[in-house]
Amino acid sequence: VATLLEVHAHPDDESITSGGLFAMSADRGIHTVLVTCTGGELGEIVDPALEEVRPRLAEVRAGELRAAGKILGIRDIEMLGYRDSGMAGAPENAYPGSFASANFEEAAARLTGLLRKYCPDVVATYDQNGGYGHPDHIQAHRITVRAMDLVADPAFRPELGAPWQPKKLYYTALSRSRLMKFADQVETLGITGEFAARIKALAEEIRKRRMMPEGNAAPTEIPFGVPDEMITATIDARDYIDRKVGAMRAHRTQIKAEAWALTAPPDLLREIWGWESFIRARSFVDAPAKETDVFAGIPI
Ligand SMILES: [Zn+2]
């Protein structure tokens, strides 16, 4: 049986970036594994009524993660055991046990052990910007790349399990053109609120940078969204939208139940969350340059 293993930074990242791929893969009989690097201890609690859980937020978020995993058909969830770090430059980054300041080789070795345990065919994590620059997301990227270098080396820590070679490595990506299209829809429909404002601000930033004279800002310096030409795999997970939104909803402390991102009209939800994009970073099998399936070239 084929196996998908994704490495994410915090509980909820798996549902937002990859809920569709997880649900779809589970339905295809693929063994799905999630590695979550931190407990999400520093997450903002979006619902004031839930503020009382703050002292045991890691425990509560672990429960939310299990609930989301169940909805998405994730068979195994592994916590890598680190503490959440703050945004870039935040003092929390230096806290003992924080993922961003963790011993890099030790963290990569922990992940290598999990790769050898589950023998995934496809591995996915964020790109080198961590998707949007959060230190924990960048660290998740770094340890995954390092673990991919170590996992098949028989000389590396044989006590962590037998060497294994995953066939493909992907980075999750947010399509810039979809983000722009989405921002236009938000505008057209006159949607307001936090989420809509954030989308509009992102679109504005992308537009502004695009208008700069050539050479002032490489497209890759833009912190959010990936130019479409860099995307190699686009997954149509629109039919899994109910499960993806359900999984996001399970993260109650992180995503407001009444948030527009969860309650928009069904047709819009399908278009917003139903497409998931990836960049193929490594492949040891033949597969087309542009894919609609991250398992292309791999027998299931
Ligand atoms: Zn995160």
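Nothing fancy with the numbering, it's 1 onward along the sequence. Just so you know, ligand 1 is whichever comes first in the structure, and atom 1 is the first atom listed for that ligand.
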Taking the side chain as everything from C-beta on, heavy atoms only, tell me whether F156 gets closer than 4.5 Å to R116. yes
Is it true that atom CG of D286 has more than 12 heavy atoms of other residues, nucleotides or ligands lying nearer than 6.0 Å?
no
Worksheet item: Taking both backbone and side chain into account, is any N, O or S atom of H10 nearer than 2.8 Å to the Zn ion (ligand 1)?
Response: yes
Is the distance from the Zn ion (ligand 1) to some N, O or S atom of D13 under 2.8 Å? yes
ask   = With side chains defined as the heavy atoms from C-beta onward, is the minimum distance between E276 and Y240 less than 4.5 Å?
value = no
Can a donor-acceptor pair be found between the side chains of N129 and H141 at a distance below 3.5 Å? no
From the Zn ion (ligand 1) out to just under 2.8 Å, does an N/O/S atom of H137 turn up?
-> yes
